[in-house]
Amino acid sequence: MESKKRILTGDRTTGKLHLGHYVGSLQNRVKLQAQYETFILLADVQALTTHFENPELIGRSIFDVAIDNLSVGLDPERITLVQQSGVSAIAELTVFYSMLVPVNVLRHNPTIKTEARQYGYNDLTYGFLGYPVSQTADITFCNADLVPVGEDQLPHLELSRKIVRRFNDLYGKGNAILHVPEPLLSDTPRLTGLDGGGKMGKSLGNAIYLADDEATVREKVRNAVTDTNRIAVSDKGNPDVCSVSKYHRAFNPGEYDDICEMCRNARIGCVVCKKNLSDKLNALLFPVRDRRKYYEGHTGLIKEYIYEGTRKANGIGLELMAEVKKAMGISLEQAF
Ligand code: TRP
């Protein structure tokens with residue numbers, strides 16, 4: 001039997017996951033797990049690149065991100081949950097790859113630039129600037145074939161592919177030691193925040209979390225920003241400037257066109273439209289909440305999955321490291 005291709009993806013452990021993560025990646029992961037050998041990384045080291053001053057948050061988020069992934073339906077019997085900081089091969093590869101990456105290439109990475117601006121950094125740390133190198137280590141310690149990513153991660157994957165090719169050229173002696181990873185691009189548009197102001201973000205307070213209960217979802221949707229020019233129900237609305245319409249498109253595609261049409265002709269008001277959306281979101285989250293409840297009663301199990309997954313990852317990483325070190329000339333077997 002031909003073995004399954006391997007995918008690796010991950011989440012930074014900087015907070016609970018929200019509906020933006022759901023449409024952008026989690027939903028897709030649930031489908032992919034049937035077809036691929038799936039590694040999910042709890043990226044706690046990458047979380048440190050921006051949140052090193054908040055260890056409590058990072059620690060709590062390892063649990064939150066793990067339970068969020070399990071609650072959406074990733075099957076612990078199928079997937080491997082890995083704690084990034086527990087895999088020594090990732091740390092080692094990060095150092096080795098750093099020799100192959102010019103600093104200017106990192107400085108010009110568009111995602112690094114955008115994120116640095118968002119975080120308000122004007123003096124980048126070595127760790128933050130280099131996180132795409134560390135991410136290459138994430139992907140290659142297990143020689144992943146495919147990496148499911150959103151658009152913002154494409155520059156990183158392009159860099160990963162360059163590093164891998166360079167590594168193989170320099171050290172492979174005609175044999176590829178590392179697999180060149182391919183992106184599996186998610187085609188869903190990024191979900192905007194409920195305030196209509198752009199990206200949904202943990203720090204922006206405009207997100208619906210997978211962990212939110214029914215009443216919280218209703219409350220957040222009720223407060224969402226719609227077309228601010230529409231004052232009375234009899235005014236015609238413009239769905240193009242309404243954050244709620246973006247959610248209908250993502251979570252209620254069957255009714256989306258009708259709702260927009262009715263809004264433009266003032267045949268549906270915001271209250272009814274929002275109620276409809278809350279119903280859809282809560283229907284989607286109902287099974288997620290059920291699974292979460294189960295796992296909240298079995299937190300020891302989650303810890304065990306992460307522990308075992310990380311152990312398995314270390315085994316895989318160690319094998320690769322033996323080869324990598326030999327190829328780079330840093331093995332005693334070679335020296336004597
Ligand atoms: N940078 C990714 C994000 O912010 C998370 C991540 C860490 C990742 N390591 C990875 C994604 C490896 C894919 C592959 O979402």
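Counting starts at 1 for both ligands and their atoms, following the listed order. Just so you know, these numbers use all the heavy atoms, side chains as well, and skip hydrogens, waters and symmetry mates. For this chain, numbers begin at 1 and follow the sequence in order.
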Visitor: Sub-3.5 Å donor-acceptor pair from the side chain of Asp227 to the main-chain atoms of Val241, do we have one?
Guide: no
Visitor: Short list, please: which atoms of ligand 1 are under 4.0 Å from a heavy atom of Leu8?
Guide: 12 (C), 14 (C)
Visitor: With distance as the sole test, does Asn276 use its side chain to make a donor-acceptor pair with the main-chain N or O of Cys273 at under 3.5 Å?
Guide: no
Visitor: State the atoms of ligand 1, each with its element, that fall below the 4.0 Å cut-off from a heavy-atom position in Ala43.
Guide: 7 (C)
Visitor: With a heavy-atom distance limit of 4.0 Å, tell me whether Gln153 approaches ligand 1 through its side chain, its backbone, both, or neither.
Guide: side chain
Visitor: Relative to the heavy atoms of Val147, which atoms of ligand 1 are at a distance of less than 4.0 Å?
Guide: 13 (C), 14 (C)
Visitor: Between the side chain of Gln84 and the main-chain N/O of Val45, is any donor-acceptor distance below 3.5 Å?
Guide: yes
Visitor: Who's the nearest protein heavy-atom neighbour of atom 15 (O) of ligand 1, and how far?
Guide: Gly10 O, 4.1 Å
Visitor: So which heavy atom in the protein is nearest atom 4 (O) of ligand 1, and how far is it from that ligand atom?
Guide: Arg12 CD, 3.1 Å
Visitor: Can you report which non-hydrogen protein atom sits closest to atom 9 (N) of ligand 1, along with the distance?
Guide: Asp138 OD2, 2.8 Å
Visitor: Can the ring centroids of Tyr294 and His298 be said to lie less than 6.0 angstrom from one another?
Guide: yes
Visitor: Using a 3.5 Å cut-off on N or O atoms only, is Gln135 in polar contact with ligand 1?
Guide: yes
Visitor: Can you sort out the partners of Lys325 under side-chain hydrogen bond (donor to acceptor under 3.5 Å, both in side chains), two or more places apart, ordered by chain and number?
Guide: Glu92
Visitor: Sequence neighbours left out, cut at 3.5 Å: what donor-acceptor pairs do the side chains of residues 116-130 make with other protein atoms?
Guide:
from	atom 1	to	atom 2	distance (Å)
Thr125	OG1	Phe128	N	3.0

Visitor: Take atom CZ of Arg264 as the centre, draw a 6.0 Å sphere, and report whether it contains more than 12 heavy atoms from other residues, nucleotides or ligands.
Guide: yes
Visitor: Should we count CZ of Arg166 as having more than 12 external heavy atoms under 6.0 Å?
Guide: no
Visitor: Got an N/O contact under 3.5 Å between Tyr131 and ligand 1?
Guide: no
Visitor: With a cut-off of 4.0 Å, which atoms of ligand 1 are near a heavy atom of Gln46?
Guide: 1 (N), 2 (C), 4 (O), 5 (C), 7 (C), 9 (N)
Visitor: Is Asp11 close to ligand 1, meaning an N/O of one under 3.5 Å from an N/O of the other?
Guide: no
